[in-house]
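In what follows, a single structure is set out as structure tokens and then discussed.
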Amino acid sequence: MAKEKVTIQQIADALGISRNTASKALNDSGGIPEETRARVIKKAIELKYKQFAYMESEGFLPKKTGNIALLTTNLPNTSHFGSQVISGLEKKISMEGYNLSIHIVRDDERGERALPVNFDASGVDGIVCIELFDLAYSRLLTELDIPVIFIDCAADAAYPDFAADVLLMENEHSTYRMTCGLIEDGLTEIGFVGDFNHCKSFRERWIGYGRALADAGLDVPREQSILDEDRFFLFESDWMEQRLRQIDKLPQAFVCANDFIAVRVMRALKNSGLNVPADVRVCGFDDSPESRIVEPHLTTVHIYSSDMGVKAGEMLLSRIRNSRQPHQVTHLYTQPIFRESTAGGPRGA
């Protein structure tokens, strides 16, 4: 028996509107509010009416307009991967009718667990956090009953208890591969430079580095590493030179937590009369503009920063539409790039 065809009247009856209104909405004849038209088309898709039978309702719903708040402790500069992340994020959410407002969380606000003075929670549909690695402050934001996503997060954030979506670049495996490349060249003394407690990304890079050493039967040489708190790495003057002088025997290579640190290490080594890579090899992470300018060019890991911003927007908008879905921890692939800073044979003993 042939299935009975769906009629416009059935669509109208299902929505409690007149047949004439339903007809105008389906034919886009004008004079029908956009919200009503969206409801009619959605019902037509559900009932599989004629040309709408194989369509999805998602694209016919009117785009919501609203506000997304970006919270950060430090607004990324143009050479920081975060600037491209923000660009990709803004592009994605603007396509969906959302505006992006930026709020800087000052040190005193973070210490007092206070929201930025220009942040109005009642007018915010979602929150994006970048460069915000204070776990207690992060928990404050997750308790606002507003959808929130962290692009990177506190190193000690425990996901089962961290009520937020998290987006990271893939850190562990690319650092593992980079470290393995050094080991495959015959190097056995490879130090790490960076505070692995600074953020989740640094922690994952430290894990990847350590796993590569462990798989090769090598120990992590802490005495040949620089693992100070991250705030020390921001010091100018000759802090890095002093730290290098405190190492009795420099390793054959340094794996650095990011390019900013790696460039500082390279500069300090050169100021100490050493050659990169002949005396000490150096690699970083981020594929920053500086990594392609510094001499020799820096071995690093490329991050698809703009795509991360787009993905963050997708995840947040999905959370706004369905707040009850399980929280996600998502990694976007990265790509190791081997350049001159790690080229050549291993340094002699």
Side-chain angles (χ1 to χ4, degrees), residues 155 169-199 201-230 232-233 239-288 291 294-302 334-349:
M169 70 287 290
E170 197 294 301
N171 297 288
E172 179 181 343
H173 300 289
S174 285
T175 307
Y176 175 88
R177 179 67 194 92
M178 220 167 28
T179 308
C180 284
L182 298 171
I183 296 171
E184 289 163 5
D185 274 352
L187 278 62
T188 58
E189 299 176 359
I190 304 170
F192 189 90
V193 186
D195 176 10
F196 56 78
N197 289 317
H198 174 58
C199 60
S201 288
F202 279 22
R203 175 70 64 82
E204 291 179 347
R205 293 168 199 176
W206 165 257
I207 291 171
Y209 152 81
R211 185 162 64 88
L213 294 181
D215 286 354
L218 301 172
D219 294 327
V220 172
R222 285 178 174 261
E223 71 283 356
Q224 292 177 303
S225 299
I226 302 175
L227 308 174
D228 303 65
E229 291 181 29
D230 192 72
F232 288 104
F233 289 90
W239 180 82
M240 186 64 74
E241 285 84 347
Q242 292 179 35
R243 286 295 288 111
L244 289 175
R245 285 196 292 270
Q246 292 171 11
I247 299 176
D248 291 335
K249 181 187 178 186
L250 289 175
Q252 296 164 299
F254 282 119
V255 173
C256 301
N258 64 14
D259 288 350
F260 170 78
I261 293 172
V263 170
R264 290 204 64 191
V265 169
M266 291 175 68
R267 185 183 302 124
L269 288 168
K270 290 179 181 179
N271 290 342
S272 302
L274 297 170
N275 180 276
V276 177
D279 293 314
V280 182
R281 303 190 200 185
V282 179
C283 53
F285 201 109
D286 285 344
D287 194 20
S288 65
S291 72
V294 68
E295 292 291 343
H297 296 343
L298 178 66
T299 289
T300 185
V301 175
H302 179 71
T334 54
Q335 182 64 47
I337 300 175
F338 293 91
R339 297 190 178 120
E340 293 84 355
S341 70
T342 56
R347 191 191 68 173

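Remember, it's a predicted structure, so these values are computed and weren't measured experimentally. Atoms considered below: every heavy atom in the structure, side chains included; atoms not considered: hydrogens, waters and symmetry mates.
- Between P277 and S341, every side-chain heavy-atom pair lies at or beyond the 4.5 Å cut-off.
- Side-chain contact check for T299 and R281: no donor-acceptor pair (N or O, by modelled atom type) lies under 3.5 Å.
- In this structure a side-chain-to-backbone donor-acceptor pair under 3.5 Å is missing from Y209 to V220.
- Within the structure, salt bridge (Lys or Arg N to Asp or Glu O under 4.0 Å) pairs that include any residue of residues 170-184 comprise E172-R211, R177-E184 (at least two apart or interchain).
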Trace of the side chain to side chain contact (heavy atoms under 4.5 Å, CB included) decision for L244 with I226: CA-CA 8 Å; L244 289 175; I226 302 175; 4.0 Å; yes

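- For R267, there are no salt bridge (Lys or Arg N to Asp or Glu O under 4.0 Å) partners, not counting sequence neighbours.
- Applying the ring pair (Phe, Tyr, Trp, His ring centres under 6.0 Å) test to H302 and every residue at least two apart in sequence or in another chain returns Y304.
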Evaluate the criterion side chain to side chain contact (heavy atoms under 4.5 Å, CB included) for residue pair V282 and L269; output intermediate values, then yes/no. CA-CA 10 Å; V282 179; L269 288 168; 3.8 Å; yes

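- The CE atom of M178 lies 10.0 Å from the CD1 atom of I337; values are rounded to the nearest 0.5 Å.
- Side-chain contact annotation: Q242 with R245, donor-acceptor N/O pair under 3.5 Å absent.
- Side-chain contact check for P221 versus E189: every heavy-atom pair is 4.5 Å or farther apart.
- Note: W206 and F196 have parallel aromatic rings, judged against thresholds of 30 and 60 degrees for the angle between ring planes.
- The side chain to side chain contact (heavy atoms under 4.5 Å, CB included) test applied to A214 returns no partner, not counting sequence neighbours.
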Validation: residues 257-264 side-chain donor-acceptor distances under 3.5 Å, sequence neighbours left out:
from : atom 1 : to   : atom 2 : distance (Å)
N258 : OD1    : F260 : N      : 3.3
N258 : OD1    : I261 : N      : 2.9
D259 : OD1    : F285 : N      : 2.7
D259 : OD1    : T300 : OG1    : 2.8
D259 : OD2    : D287 : N      : 2.9
D259 : OD2    : S288 : N      : 2.8
D259 : OD2    : S288 : OG     : 3.2
D259 : OD2    : T300 : OG1    : 3.3
R264 : NH1    : F233 : O      : 2.5
R264 : NH1    : F235 : O      : 2.5
R264 : NH2    : F235 : O      : 2.7

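- With hydrogens and angles disregarded, no donor-acceptor distance shorter than 3.5 Å links the side chain of Q224 to the backbone of G191.
- Partners of F202 by ring pair (Phe, Tyr, Trp, His ring centres under 6.0 Å), not counting sequence neighbours, listed by chain and number: H198.
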Residue pair V280, V265: steps toward the side chain to side chain contact (heavy atoms under 4.5 Å, CB included) verdict: CA-CA 10 Å; V280 182; V265 169; over 6 Å; no

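- Using modelled atom types, no side-chain atom of E229 and backbone atom of D195 make a donor-acceptor pair closer than 3.5 Å.
- Side-chain contact between M240 and M266 is absent, with no heavy atoms from C-beta onward closer than 4.5 Å.
- Put simply, CD1 on I190 and SG on C180 are 9.0 Å apart, with the number rounded to the nearest 0.5 Å.
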